[in-house]
**Q** 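Have a look at the structure that comes next, please.
Chain identifiers are assigned alphabetically (A, B, ...) following the order of the sequence lines, protein sequences preceding nucleic acid strands; residue numbering begins at 1 within each chain.
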Amino acid sequence: MKKNIYALIDCDNFYVSCERIFRPDLKNKPVAVLSNNDGCIISRSNEVKALGIQMGTPYFKIPELIKEHNIQIFSSNYSLYADISNRINKILEQYTPNIEIYSIDEAFITLSIPKDKCTQYCKEIREKILQGIGVPVTIGIAYTKTLTKVASKIAKKQKGYKGVLSLLDTENNDKYLDIVEVEDIWGVGRQYSKWLHSMGIHTAKDLKYSDRNKIRSKMTVQGYRTVLELNNVECISLDQIPSIKKNICSSKAFGKRTKSLEEIKKSLAIDVARAAEKLRKQNCVTGIISVFLTTDPFKPNLYSKSVAIKLPFPVSDTATLTKFAIQVLKKIFIKSFEYKKTGVFLTDIRPIDNVQLDLINPYFIPHHEKTDKIMRAIDGINREWGRDTVRSASIGIDNELKMRQERKSPRYTTKWDELLVAKV
DNA sequence: TCTGGGGTCCTAGGACCC
DNA sequence: TCTGGGGTCCTAGGACCC
């Protein structure tokens, strides 16, 4: 049987690279992008990585470093990043129909060309994305997905590969696996790497030749598959159909702490609207909604409560979900605490056409059919005119708790009034 | 009172990913 | 003052069934 050839297209420092498209003056300068609420650093340029600033570092903890090295800081601008991501995927589609969009900045593809042509082919893809979009990517090529990850990891560190590394000449693989730490392997996180080190397994090569059954007993079949994949045995295939989400969550920390139930209600209503939108986008309804509310986890006297309720009938419309969510919120809200975060979690999700009909009353119309059309209309308007153009009254006009985003770049590509001005 | 082999469904918790 | 948000998969154990 012919082996599949996989390639991983992995954008370099993606959010930073997106910001640089429109700010070419920031090339080779230290740049970082912050998480929601301008909380943590979640994307770093190579210059910032070289300064030793770790992923997830709280922004407020490093003012001196930022000043000293003149690091350019951006709030996250997800509509921009999502748009750039889509454009990159469009380019990939020109090269192959076999694409799995793995995350906002990564995609797997399979190649059906001779193995000695793959590196050159991927260099072309890389060049096309760099020219067409302006985002640098690194491409790893191998017989398994796990090994493409290893390849791209090495190629990102060693500039000599010019962004493309193939592990298809498998007799040479060990020399590459030898320089990859076990914690850098896909599927090996902090807990497992600690255990692996204690077992004397320190590199990807060590893991490749380790006792598979011992690995399996500690790391379950997933760890077992990882070992096989390091041995060029394909266990994880290309997943082209985005599967429907079984859980949908929407939550956000408030921009400031609050004691006000009214303010929290508004924030929760926004989360419910987001979650319901995601639910309808995959043509599903939900049967269970849970709401959580917490005080600041970094302060003493933590209060954190979450309550789930089963809905009387499966729904997907924002109004019904908001009504139940606020009922739950009132149950868990205790006066006198200062709250920091709320959110909603939808489970028991199933496709709309899968909803059981009422056996006793054949004339019963499922609730979602009544609300479906109007919600579709609202989603359409909001897609075209921007989020929350049409919104439920509970969201309100002003949101006192909206997140801090003090350093956000314009939405160059998705908003007419924020388009880049080429020349004035 | 002790004795058996299967099976399903659900939940909680632990690990991982980006 | 200031510490992200959203997911997945797997296993073990309990409840229940025949």
**Q** Starting at the 5' end of DNA chain C, which residue's closest nucleotide do you reach first, A/Ile244 or A/Ala253?
**A**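 By nearest-heavy-atom nucleotide position, the 5'-most residue is A/Ala253.
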
**Q** Indicate whether the side chain of A/Thr170 and that of A/Asn173 have a donor and an acceptor atom separated by less than 3.5 Å.
**A**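 The answer is no; no qualifying pair exists.
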
**Q** Rounded to whole Å, how long is the line connecting atom OH of A/Tyr192 with atom C1' of B/dA15?
**A**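 Those two atoms, OH and C1', are 5 Å apart.
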
**Q** Indicate yes or no: does A/Asp174 engage A/Lys208 in a salt bridge with an N to O separation below 4.0 Å.
**A**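 Looking at A/Lys208 together with A/Asp174, the answer is yes, because their closest N to O distance falls below 4.0 Å.
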
**Q** Nearest to the side chain of A/Trp186, heavy atoms from C-beta on, is which of C/dG7, B/dC18, C/dG5?
**A**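 Nearest to the side-chain atoms of A/Trp186, counting from C-beta on, is B/dC18.
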
**Q** Do A/Glu183 and A/His197 have side-chain atoms, one donor and one acceptor, less than 3.5 Å apart?
**A**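 Yes, because at least one side-chain N or O of A/Glu183 sits under 3.5 Å from a partner of the opposite role on A/His197.
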
**Q** Between A/Glu234 and A/Tyr6, do the side chains contain a donor N or O and an acceptor N or O under 3.5 Å apart?
**A**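 Yes - a donor-acceptor pair under 3.5 Å links their side chains.
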
**Q** Please determine if a side-chain N or O atom of A/Ser250 lies less than 4.0 Å away from the OP1 or OP2 oxygen of C/dG6.
**A**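 Yes.
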
**Q** Picking from C/dT11, C/dT3, C/dG6, which would you name as closest to the side chain of A/Val221?
**A**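 In terms of side-chain proximity for A/Val221, the closest of C/dT11, C/dT3, C/dG6 is C/dT11.
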
**Q** Side chain of A/Tyr102: nearest nucleotide among B/dC18, C/dG6, B/dC16?
**A**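 Of B/dC18, C/dG6, B/dC16, B/dC18 is nearest to the side chain of A/Tyr102.
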
**Q** Check whether any side-chain N or O of A/Ser251 sits under 4.0 Å from OP1 or OP2 of C/dG6, and answer yes or no.
**A**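 Yes.
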
**Q** Using whole Å, what does the distance between atom P of nucleotide C/dG6 and atom CD1 of A/Ile101 come to?
**A**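 Spelled out: CD1 on A/Ile101 to P on C/dG6 is 20 Å.
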
**Q** A/Thr110 and A/Asn4: side-chain donor and acceptor closer than 3.5 Å?
**A**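 On atom types as modelled, these side chains do not qualify, holding no pair under 3.5 Å.
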
**Q** Please state how far atom CG in A/Asn247 lies from atom P in C/dC9, giving the value in whole angstrom units.
**A**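 Atom-to-atom, A/Asn247 to C/dC9, this comes out as 10 Å.
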
**Q** A/Phe345 has an atom CZ; how far is it from atom P of C/dT8, in whole Å?
**A**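 Those two atoms, CZ and P, are 8 Å apart.
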
**Q** Grab the CD-P distance between A/Glu100 and C/dG7 for me, whole Å please.
**A**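 After rounding, the gap between these two atoms is 17 Å.
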
**Q** Short question: side chain of A/Asn231, backbone of A/Val233 - any donor-acceptor pair under 3.5 Å?
**A**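 No: the side chain of A/Asn231 does not pair with the backbone of A/Val233.
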
**Q** Over all strands shown, is A/Asp296 touching base, sugar-phosphate only, or nothing at heavy-atom distances under 4.0 angstrom?
**A**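 Contact class for A/Asp296: none.
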
**Q** Among the nucleotides B/dC18, C/dT1, B/dA15, which one has an atom lying closest to any side-chain atom of A/Arg257?
**A**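 Taking heavy atoms from C-beta onward, the closest nucleotide is C/dT1.
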
**Q** Can you see if the side chain of A/Lys149 gets near the phosphate of B/dC18 - specifically, an N or O under 4.0 Å from OP1 or OP2?
**A**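 So the side-chain polar atoms of A/Lys149 do come within 4.0 Å of the phosphate oxygens OP1 or OP2 of B/dC18, strictly under.
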
**Q** Would you mind telling me which of C/dT8, C/dG4, C/dT3 lies closest to the side-chain atoms of A/Ile42?
**A**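 For the A/Ile42 side chain, the nearest candidate turns out to be C/dG4.
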
**Q** Among C/dT8, B/dC18, C/dT11, which is the nearest nucleotide to the side chain of A/Glu106?
**A**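 Nucleotide nearest to A/Glu106's side chain: B/dC18.
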
**Q** Students often get this wrong, so: under 4.0 angstrom with heavy atoms, is A/Lys218 touching a base, only sugar-phosphate, or nothing?
**A**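 Nothing: the residue A/Lys218, judged by heavy atoms under 4.0 Å, touches no strand.
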
**Q** Has A/Arg274 got a side-chain N or O lying under 4.0 Å from the OP1 or OP2 atom of C/dG6?
**A**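 Looking at the OP1 and OP2 atoms of C/dG6, neither is under 4.0 Å from any side-chain N or O of A/Arg274.
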
**Q** Please classify the nucleic acid contact of A/Ile185 as base, sugar-phosphate, or nothing, using heavy-atom distances under 4.0 Å.
**A**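 A/Ile185: backbone/sugar contact only, no base atoms under 4.0 Å.
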
**Q** What is the separation between atom CG on A/Leu8 and atom C1' on B/dC17, rounded to the nearest whole Å?
**A**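 Answer to the nearest Å: 13 Å.
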
**Q** Find which nucleotide of DNA chain C each of A/Pro58 and A/Ser243 is nearest to by heavy atoms, and output the residue with the more 5' nucleotide.
**A**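 Final value for this comparison: A/Pro58.
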
**Q** Just compare C/dG4, C/dG5, C/dG6 and give me whichever is closest to any side-chain atom of A/Cys40.
**A**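 Between C/dG4, C/dG5, C/dG6, the one nearest the side chain of A/Cys40 would be C/dG4.
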
**Q** Please answer whether C/dT3 and A/Phe298 are stacked, defined here as ring centres separated by less than 5.5 Å and planes angled under 30°.
**A**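 Given the distance and angle limits, yes, they stack.
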
**Q** Can you tell me which nucleotide in B/dA15, C/dG7, B/dC18 comes closest to the side chain of A/Asp105?
**A**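 Per side-chain heavy atoms of A/Asp105, the pick is B/dC18.
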
**Q** Nearest whole angstrom, please: distance from the C1' of B/dA15 to the OH of A/Tyr224.
**A**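 Answer to the nearest Å: 20 Å.
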
**Q** For A/Ile104 and B/dC18, give me the distance from atom CD1 to atom P, rounded to whole Å.
**A**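 It is 14 Å, rounded to the nearest whole Å.
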
**Q** If only side-chain N and O atoms of A/Lys256 are considered, is one of them under 4.0 Å from the OP1 or OP2 phosphate oxygen of C/dC2?
**A**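 False: A/Lys256 side-chain N/O out of range (4.0 Å or more) of C/dC2 OP1/OP2.
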
**Q** For the pair A/Glu262 and A/Lys265, find out whether any cationic side-chain nitrogen is under 4.0 Å from an anionic carboxylate oxygen.
**A**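 Judged by the 4.0 Å cut-off on N to carboxylate O distance, A/Glu262 and A/Lys265 do form a salt bridge.
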
**Q** Identify whether any heavy atom of A/Arg225 sits under 4.0 Å from a base atom; if not, whether one sits that close to sugar-phosphate; answer base, sugar-phosphate or nothing.
**A**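 The residue A/Arg225 makes sugar-phosphate contact but no base contact.
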
**Q** For the side chain of A/Lys340, counting heavy atoms from C-beta on, which of C/dT8, C/dT11, C/dT3 is nearest?
**A**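 Nearest listed nucleotide: C/dT3.
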
**Q** Report yes if a side-chain nitrogen or oxygen of A/Lys278 is closer than 4.0 Å to either non-bridging phosphate oxygen (OP1 or OP2) of C/dG7; otherwise report no.
**A**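 So the side-chain polar atoms of A/Lys278 do come within 4.0 Å of the phosphate oxygens OP1 or OP2 of C/dG7, strictly under.
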
